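I have placed the structure first, in the form of structure tokens, so that the comments after it can refer back to it.
Letters go in sequence order (proteins before strands), and every chain restarts at 1. This structure is a prediction, so every number in the text was calculated from the model and none was measured.
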Amino acid sequence: MEAPPLLELKGVSKRFGAVQALTQVDFAVRAGEVMALVGDNGAGKSTLIKGIAGIYPFDEGETFFDGQRVTIHNPREATALGIEIVYQDLALADNLDVVANMFLGRETMQGIQLDEARMELAAIETLTSLSVSTLRSVRTPVAGLSGGQRQAIAIAKAVLWNSRLVILDEPTAALGVAQTRQVLNLVRNLAAKGLGVVIISHNLHDVFECADRITALRLGQKVREFITKETNQQEVVHAITAGALQYVPGMKES
Amino acid sequence: MTTNEAPLQSENALLESREQQTLGAYIQTYLQRVRAGALGPLPIIIGIVAVAIFFQSRNAAYLSPNNIVNLIMQMSGIALIAFGVVFVLLLGEIDLSVAYVSGVAGVIATILMRPPHNLEWYLTVPIALLAALGIGTLQGFLITTFQLPSFIVTLAGLLAWNGAILLLVGAGGTVGIPASPFREIANVYLPPELGLGFVVVLVVAYAATQFIQLQSRRAQGLNAKPITIIGIQIAILVVLAVGVVLIVNQDRGLPLIGAIVIVTLIVLTFITRNTRFGRYVFAVGGNKEAARRAGIRVERVRLYVFMLCSFMAGVGGIILASRLKSVSANQGGGQLLLNCISAAVIGGTSLFGGRGAVYSAVLGALLIAMVENGMVFLRLETGWQFIITGIVLVLAVIVDSLSQRSQKRSGLA
Ligand SMILES: Nc1ncnc2c1ncn2[C@@H]1O[C@H](COP(=O)(O)OP(=O)(O)OP(=O)(O)O)[C@@H](O)[C@H]1O
Ligand SMILES: [Mg+2]
């Protein structure tokens, strides 16, 4: 028997008023594997991961983590399961420094006091272990950092917290060549450490470079799942732009 | 941050933060931040010095021991209320009800002491503070539960609590506070030795915590403030604190309420800088969505801040009532609201949320008291005082806005 996937969604749907953002989507990620989530703008990629994160609940469908059925009501519950999300709009507090951001919501305490020294050491250690080498000081406010540095901090957070599943929403969208390479290396490092990784990207070149499998969404529906080694960019592009839809858009299946 | 003995550091720039910072590097970093717009208390300190020089040059009695005691008395009520305003501003919110909430507290503490209630002050004062806390809870509940703008809810509060005061006191009325420690609290001065002892203990405690922190950071291989800087800061503190106490001791001595302001300043500063709650206040003010995604109970943090703000307004209200030894139907009215909010802003707390410090309440209140007091000294009409305070406020907001923009540009904010 194969071990159950780390995370599995079965038949999840999400509607925003008149917009049916997701329809009956099945999705699975295994530990030690990078799963890419691709699809056009508005295909529902961000909606899918926000549902996993507990930002808003799915309207229907089931979620399994480690083979156990779970319901994730809020980000705290997702975190408790070991799910760490690196959002498209990074979600860092610009006025706080690197250390404060990495520990936000999970501060190390010493009695009623923040244990700043311990947090600072752990932050430095984690960033160093990921070879994040361009950061000058962990005490600068994150507003002053480059896109790649901010991305690295968000990813380092996942390592710091021993997460089991890391989800990255377009981590390389705003990055130059060298920084993209660094982030993709980080992503492979995460999987090599045995974590499950989901990466959303519009850049198929990046996807083929780092993903083991690819799930293609179109108009809120899953059109296909690929194994990267057994497919090519044309096939994936075709699925994204013209993949067969199972459900008529706008109609709700009963 | 340059380093000359650094074959190791060149491999990983992050390790630089483990190396001890030199004095020059520290000052350089500081100047860089100031140039980028992270001004800290610099503008307000310049303002205070300028105002002091201006009035002192017009009337040599302005900085006399007697008048310095007056200034401390005058700023205390405003500072206590402005403490709460700082927290609300850090969230990026506003509380327009603080002045009348302070009035409600003063009125309740007074009225309950008088017939037909005849309660003791040690009951009426806590009851009044609880009432203020209750008001904050109610307003905070409305704001967080129904997602209403704090501006509107506290504007409604401003009207409602003004009405409550009118009903309790009776239009046009004035009610004296019966003889009690409550009546006297704002008119008590620490004996010279006690006042001196008070600041000496504080300065020593400050120095001790600084050095303990320095030791512990060094022991863990983290970089720390250069010892010269710590020394200079302590020296400035000693000169200021001991100097002021020695001066006021030539007159009536350090007012008890001045000491209360200082203790509150220390406690609230600790909360903002060293506790989880304080960190969350900054996080929510900086990026509410990021805070929410980090699992922070954002609405709870906001509720607590509105509770804290009204509570501090209550404390200030007790002091203000005591200063006049009576409460009137106009309690909490007049310039009080604008003075308290201006104090926080003038002191350097940003209106845009996420940036500021508790001390800005004290520095801002001091500047406002200095202008108010100086006007009386020069026998200028009250009209001028309002105009000047208004100008100072606009200047402060301009500084805030400019520094915000330049910090954005250089990526510090
Ligand atoms: N909070 C919301 N309220 C209303 N509609 C929403 C909301 N979030 C997403 N949508 C809609 O749901 C659909 C899917 O959006 P989603 O953000 O998931 O797309 P995406 O695949 O992440 O696109 P992109 O590649 O542009 O990031 C879109 O039509 C979008 O307009
Ligand atoms: Mg998206």
Side-chain angles (χ1 to χ4, degrees), chain A residues 50 53-55 74-80 84-87 89-96 98-118 120-121 123-128 131-146 154 157, chain B residues 1 9-18 21 29 32-33 36 38 90 92 213 216-224 270-271 273-280 282-298 350 352-356 404 407-413:
Chain A
K50 282 180 181 160
I55 303 275
N74 54 49
R76 195 191 310 273
E77 290 180 9
T79 308
E84 185 75 35
I85 311 218
V86 180
Y87 290 95
D89 48 346
L90 282 174
L92 299 172
D94 277 357
N95 57 334
L96 299 181
V98 174
V99 178
N101 268 290
M102 284 179 69
F103 280 84
L104 195 57
R106 291 172 284 197
E107 290 76 9
T108 307
M109 305 299 290
Q110 192 177 40
I112 60 161
Q113 277 198 73
L114 299 168
D115 191 341
E116 294 286 0
R118 180 113 47 109
E120 192 170 326
L121 277 176
I124 291 174
E125 196 175 308
T126 307
L127 288 165
T128 311
S131 319
V132 176
S133 53
T134 57
L135 210 57
R136 258 197 2 197
S137 157
V138 289
R139 285 300 179 189
T140 38
V142 297
L145 304 183
S146 76
K157 220 172 146 177
Chain B
M1 271 184 262
Q9 279 81 355
S10 60
E11 282 174 25
N12 189 330
L14 254 192
L15 288 175
E16 266 191 29
S17 37
R18 293 179 182 229
Q21 245 179 343
T29 316
Q32 243 166 33
R33 295 191 54 110
L90 281 176
Q213 203 186 344
S216 114
R217 285 187 65 89
R218 282 196 174 163
Q220 297 184 68
L222 292 166
N223 77 346
F270 177 83
I271 289 177
R273 292 197 179 161
N274 297 78
T275 69
R276 199 171 246 163
F277 174 72
R279 174 65 43 88
Y280 291 176
F282 278 89
V284 172
N287 187 341
K288 206 185 203 177
E289 189 54 31
R292 204 159 71 88
R293 290 180 192 173
I296 295 172
R297 295 186 173 92
V298 171
S350 173
F352 305 103
R355 285 186 304 121
Q404 163 103 351
Q407 285 189 62
K408 273 236 172 77
R409 222 177 301 123
S410 57
L412 274 176

- Query: Which is it for Gln113(A) and Phe270(B) under the side chain to side chain contact (heavy atoms under 4.5 Å, CB included) test, yes or no, and what are the steps along the way?
  - Reply: CA-CA 9 Å; Gln113(A) 277 198 73; Phe270(B) 177 83; 3.3 Å; yes
- In Å, rounded to the nearest 0.5 Å, how long is the span from CZ of Phe282(B) to CG of Leu96(A)? 8.5 Å
- Message: Quick check for you: among Asn274(B), Ile271(B), Asn287(B), which has the greatest number of heavy-atom pairs under 4.5 Å with chain A?
- Response: Asn274(B)
- Does the side chain of Arg293(B) come within less than 4.5 Å of Ile85(A)'s, by heavy atoms? no
- Nearest 0.5 Å please: distance from the CG atom of Leu114(A) over to the CZ atom of Arg273(B). 12.5 Å
- Mark yes or no for whether Arg276(B), through its side chain, and Glu107(A), through its backbone, hold a donor-acceptor pair below 3.5 Å. yes
- Item | N-O pairing of Arg217(B) and Glu116(A) below 4.0 Å | no
- Message: Just so I know, are the side chains of Leu222(B) and Arg118(A) near enough to count as touching, which here means a heavy-atom distance under 4.5 Å?
- Response: no
- Can you name the nearest heavy-atom pair linking Arg279(B) to Ala100(A), along with the distance? NH1-CB, 3.4 Å
- Message: If the condition is salt bridge (charged side-chain N to carboxylate O under 4.0 Å, His left out), which residues does Arg297(B) pass it with, not counting sequence neighbours?
- Response: none
- For Leu104(A) and Ala294(B), the nearest pair of non-hydrogen atoms, with its separation, is O-CB, 3.6 Å
- Message: Looking at every heavy atom in both Ala290(B) and Ala93(A), which two are closest together, and how far apart are they?
- Response: CB-N, 4.1 Å
- Under the salt bridge (charged side-chain N to carboxylate O under 4.0 Å, His left out) test, residues paired with Arg76(A) that sit two or more places apart: none
- Here the pair of heavy atoms bringing Tyr280(B) nearest to Arg106(A) is OH-N, 4.2 Å
- chain B heavy atoms under 4.5 Å from Ile112(A): which part of the residue, side chain, backbone, both or neither? both
